[in-house]
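Throughout, a chain's letter reflects where its sequence line sits, starting with A, and its residues are numbered from 1. No hydrogens, no waters, no symmetry mates; every other heavy atom, side chains included, goes into these values.
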Number of protein chains: 2
Amino acid sequence: MESSSTSRYTTVADVAQLAQVSKAQAARALGGYGAVSDEVRSRVLAAAETLQYHPNELARSMNTGRSKTIGVVVGDIENPYFSLAMRGIYDTCKAGGFDVILINTGEDLSTEIDAVNVLLDKRVDGMIVAPVTRSPSTHLKRVVDSGRPVVLLDRKVPSLPVDTVVAEMRQVSYEAARHLLDEGHTRVGYISSLDVGGLDFTVDLDLGSNPVTERIAGMRRAFDEGGVALPVDLIRLGAGKRHSIGDLVDALLTGPDPATAIVASDSVIALEALAELQRAGVRIPDDVSFLMFDELPWAGLMTPPITVVAQPVYDQGVAAAGMLLRRIGGDRSEPEHLALPSRLILRESVATIDSPVDPVTTGAST
Amino acid sequence: MESSSTSRYTTVADVAQLAQVSKAQAARALGGYGAVSDEVRSRVLAAAETLQYHPNELARSMNTGRSKTIGVVVGDIENPYFSLAMRGIYDTCKAGGFDVILINTGEDLSTEIDAVNVLLDKRVDGMIVAPVTRSPSTHLKRVVDSGRPVVLLDRKVPSLPVDTVVAEMRQVSYEAARHLLDEGHTRVGYISSLDVGGLDFTVDLDLGSNPVTERIAGMRRAFDEGGVALPVDLIRLGAGKRHSIGDLVDALLTGPDPATAIVASDSVIALEALAELQRAGVRIPDDVSFLMFDELPWAGLMTPPITVVAQPVYDQGVAAAGMLLRRIGGDRSEPEHLALPSRLILRESVATIDSPVDPVTTGAST
DNA sequence: AACCCGTGTGAGTCCGGTCTCATTCTAGGC
DNA sequence: GCCTAGAATGAGACCGGACTCACACGGGTT
């Protein structure tokens with residue numbers, strides 16, 4: 001009883017000693033492998049019980065090479081999108097007997113690189129990454145090289161031969177734009193937090209493939225079909241970082257040819273945009289129509305209820321984790337690229353505009 | 001090149017060999033301890049670089065006894081409360097150089113027990129637990145005995161001598177009830193997901209100390225001071241599990257002496273209650289007043305804006321992690337019990353009722 | 001009686017780091 | 001020129017499990 005601090009953990013050796021058998025036998029009885037007589041087994045188990053033996057997972061992982069742990073790297077856990085996806089991942093991993101280590105990148109590339117390295121150094125059995133856009137992805141290559149499976153969530157990295165899970169965006173975005181067009185909106189503003197080197201959006205800006213480019217592509221198709229020019233000048237990148245969302249909203253509603261509809265790229269942006277509109281006294285859908293990506297419980301409870309594009313977020317998490325677990329299980333087949341169907345939920349935040357646009361006088365502040 | 005699968009990781013031994021020094025010297029150069037000549041150091045570092053050496057954290061943890069990882073056990077990550085607190089925990093741990101393992105219990109005791117054991121077996125340096133209510137807490141005792149620090153979040157376990165971080169609830173709840181009373185509400189319903197053995201709420205039901213009992217205690221004081229009986233019959237437990245939230249809301253608005261105000265114990269309940277009210281055509285605050293715990297961005301954007309009790313959730317996470325890190329750092333002082341101040345944010349969801357209650361004819365369905 | 005197989009067992013190695021210990025080398029002090 | 005403190009170095013123990021190997025023992029063959 002010489003020490004109450006840092007009381008050592010009991011090890012197989014301790015159990016073996018109490019049970020009067022060799023360490024090897026104790027390990028066999030405890031681990032349930034090899035040949036052990038009933039006599040010895042029960043003695044060992046009893047000893048383990050009295051000593052409150054719990055195996056050291058670190059030691060075990062070290063020579064099995066598997067940690068029964070997967071790593072998840074996301075941009076921002078506080079974002080409902082990620083926390084719900086996380087839940088899907090979590091539930092699936094748990095069912096498969098895997099633990100989860102979570103790392104948050106704050107959408108920062110160097111943090112993501114560190115995160116991936118940390119997970120690799122901790123010898124996770126695999127990882128799910130929602131990569132920061134346009135990352136050179138050498139760090140992800142390192143994972144692939146290490147032989148550990150990776151599944152990319154929400155964003156593809158074309159050069160990387162790994163499984164990906166995304167929500168189908170091109171088609172719903174087409175439908176969403178189609179809907180806006182049908183209601184008479186040709187001047188629709190799009191606000192996204194995506195940011196590429198502080199550049200503004202232009203038609204030939206190469207953003208790679210990510211949810212945002214997919215959406216814009218889908219919307220463009222609808223505009224093209226309708227014979228209307230996609231209002232490129234109303235597509236605003238870098239929301240929340242380079243520009244305040246409130247300012248972006250104001251800007252879209254001011255000027256000679258303002259937006260008659262605003263599309264928010266995710267719920268965080270939607271919330272701030274909505275707050276700004278309310279502050280400025282701009283009514284939805286009378287003064288401006290509103291549409292957001294991501295379906296959250298509150299969207300349908302607003303006045304008016306918000307028209308949204310719902311992605312199967314939880315299911316994306318489940319699918320990603322499922323794929324990962326299959327890979328960990330030894331599946332060596334070709335990389336799979338899953339796109340889960342999204343759908344447009346029509347509510348009341350998009351108004352019908354009477355033909356040739358009549359600019360509304362907005363009460364936008366500042 | 002006999003194997004492209006499971007390409008072995010480079011170890012100190014590999015680096016040592018390439019640098020033409022002993023394993024011990026390589027380890028010293030890499031780890032930055034002991035005496036190493038500049039000559040050797042640069043050679044080792046160069047070798048490590050070319051071989052892309054990354055230390056195996058498992059091995060390192062095994063004989064240092066510290067994993068630079070903390071475990072977090074929460075009820076439901078999808079709940080904004082936890083995901084925001086998680087963010088606070090995360091940011092703080094990261095700043096301190098610690099990684100985070102997340103485990104979700106789904107508010108289930110046996111899962112919590114498993115979770116705690118898993119974390120202990122993984123040799124986390126400490127853990128933050130938001131314990132399931134009324135747990136016997138022998139599992140938490142095991143952690144304490146192991147010498148690893150624990151910090152309890154959101155709920156206290158009186159028998160456990162560990163640090164706790166909660167939001168101050170008694171005082172704000174007093175203020176909230178006071179406000180309701182001032183506006184003429186004596187029949188206020190309270191809906192909580194807390195559930196203790198499927199029992200209904202009674203005055204002498206011992207629930208221990210948790211946010212919910214604190215709130216009820218605070219509200220009782222206000223009612224007592226006002227000389228009004230706390231409407232115990234309108235306090236509903238087990239929301240979302242034992243009872244559907246919609247049914248609970250309907251029940252509160254039906255009967256001979258219905259509630260004139262509804263208090264939702266958290267944002268998840270609030271959302272479902274609000275949906276039910278909308279479905280039933282009950283207007284806020286004309287037909288019933290509404291007040292919720294937890295401030296979320298959408299609360300102020302609803303029509304009408306919802307009056308809420310805001311807790312410093314992110315700060316709770318930060319505080320909990322801060323305490324834990326201090327303990328890990330060796331702080332052996334007395335357990336600290338921190339209660340962060342909450343505040344009532346008055347908006348427009350509570351209406352004034354004209355003196356002696358005149359039961360409103362509600363449009364509650366079914 | 002010699003042989004074989006399978007079960008039960010202990011000794012000891014390995015995983016990949018950290019760290020102790022003993023030894024060698026070198027520079028400074030007298 | 002000799003002695004010694006301290007730097008530089010290598011060998012090897014150790015953390016706590018998993019697992020290999022060699023060996024003992026008993027029953028069934030032939």
Side-chain angles (χ1 to χ4, degrees), chain A residues 6-45 47-48 51-69 118 120-125 146-147, chain B residues 6-45 47-48 51-69 118 120-125 146-147:
Chain A
T6 322
S7 53
R8 248 187 68 270
Y9 290 90
T10 51
T11 71
V12 253
D14 299 329
V15 176
Q17 189 173 23
L18 181 61
Q20 306 260 45
V21 291
S22 71
K23 190 181 134 200
Q25 272 313 85
R28 275 190 267 256
L30 260 9
Y33 60 93
V36 183
S37 64
D38 293 345
E39 162 66 17
V40 167
R41 190 188 338 276
S42 60
R43 243 181 346 179
V44 170
L45 261 28
L51 291 179
Q52 284 258 53
Y53 171 76
H54 285 264
N56 180 335
E57 289 301 330
L58 261 51
R60 172 176 290 166
S61 298
M62 208 169 77
N63 48 11
T64 54
R66 11 190 56 268
S67 56
K68 274 284 181 182
T69 302
V118 165
L120 233 31
D121 297 346
K122 278 193 189 293
R123 298 295 187 267
V124 293
D125 292 339
S146 80
Chain B
T6 321
S7 53
R8 248 191 65 270
Y9 290 90
T10 51
T11 71
V12 254
D14 299 330
V15 175
Q17 189 174 25
L18 181 61
Q20 307 260 44
V21 292
S22 71
K23 188 182 138 200
Q25 273 311 85
R28 275 189 270 255
L30 259 10
Y33 60 93
V36 184
S37 65
D38 293 346
E39 162 66 18
V40 167
R41 187 184 346 271
S42 59
R43 243 182 347 183
V44 170
L45 260 30
L51 290 179
Q52 284 260 53
Y53 171 75
H54 285 263
N56 181 332
E57 289 300 331
L58 261 52
R60 172 175 290 168
S61 298
M62 208 170 76
N63 45 15
T64 55
R66 13 192 53 266
S67 56
K68 273 284 181 181
T69 303
V118 165
L120 232 32
D121 295 347
K122 278 194 188 293
R123 299 295 188 267
V124 294
D125 292 338
S146 80

- prompt: Below 4.5 Å, heavy atoms only, C-beta onward: do L30(A) and L45(A) meet side chain to side chain?
  reply: yes
- prompt: From the list dG16(D), dC19(C), dG8(C), which nucleotide is the closest neighbour of the side chain of T11(A)?
  reply: dG16(D)
- prompt: What's the CG-P distance between L58(A) and dC15(C), to the nearest Å?
  reply: 18 Å
Spacing of K122(B) atom NZ relative to dG16(D) atom P, expressed in whole Å: 17 Å
field: Side chain proximity check, D14(B) to Y9(B), heavy atoms < 4.5 angstrom
entry: no
Closest nucleotide among dG10(C), dG12(D), dT9(D) to the S37(B) side chain: dT9(D)
- request: Nearest whole angstrom, please: distance from the C1' of dG16(D) to the CG of L120(B).
  value: 16 Å
- request: Side chain of N63(A) only, please: which of dT7(C), dC19(C), dG16(D) is the nearest?
  value: dG16(D)
- request: Dump the intermediate steps for side chain to side chain contact (heavy atoms under 4.5 Å, CB included) on R123(A) and N56(B), then the final yes or no.
  value: CA-CA 7 Å; R123(A) 298 295 187 267; N56(B) 181 332; 3.4 Å; yes
query: Between atom CZ in R66(B) and atom C1' in dG17(C), what is the gap in whole Å?
result: 16 Å
query: So, is T64(B) close to the dC15(D) phosphate, meaning a side-chain N or O under 4.0 Å from OP1 or OP2?
result: no
field: Short side-chain N/O contact to dG17(D) OP1/OP2 from Y9(A), under 4.0 Å
entry: no
- prompt: Taking atom C1' of dG17(D) as reference, at what distance in whole Å does atom OH of Y53(A) sit?
  reply: 6 Å
- line: Of R41(B) and N56(A), the one whose closest nucleotide on DNA chain D sits nearer the 5' end is R41(B)
message: With a 4.0 Å limit, can you tell me whether Q25(B) has a side-chain N or O closer than that to the phosphate oxygens OP1/OP2 of dG10(D)?
response: no
query: Got E57(B) and T69(B) here, is their nearest side-chain heavy-atom distance under 4.5 Å?
result: no
Selection from dT18(C), dG17(D), dA7(D) that lies nearest to any side-chain heavy atom of Y33(B): dT18(C)
query: Among the nucleotides dG17(C), dT18(C), dA8(D), which one has an atom lying closest to any side-chain atom of A27(B)?
result: dT18(C)
task: Side chain of V21(B) only, please: which of dA8(D), dG10(D), dC19(C) is the nearest?
output: dG10(D)
- prompt: What is the distance from CD of E39(B) to C1' of dT26(C), rounded to the nearest Å?
  reply: 16 Å
- line: Closest of dC21(C), dC15(D), dG17(C) to the R28(B) side chain is dC21(C)
task: Check the distance between dT18(C)'s P and M62(A)'s CE and give it to me in whole angstrom.
output: 11 Å
- request: Could you check K23(B) against R123(B) and say which one's nearest nucleotide on DNA chain D is further toward the 5' end?
  value: K23(B)
- prompt: Quick one: are L120(A) and S146(A) in side-chain contact, heavy atoms under 4.5 Å?
  reply: yes
- prompt: Rounded to whole angstroms, how far apart are CG on D14(B) and C1' on dC15(C)?
  reply: 13 Å
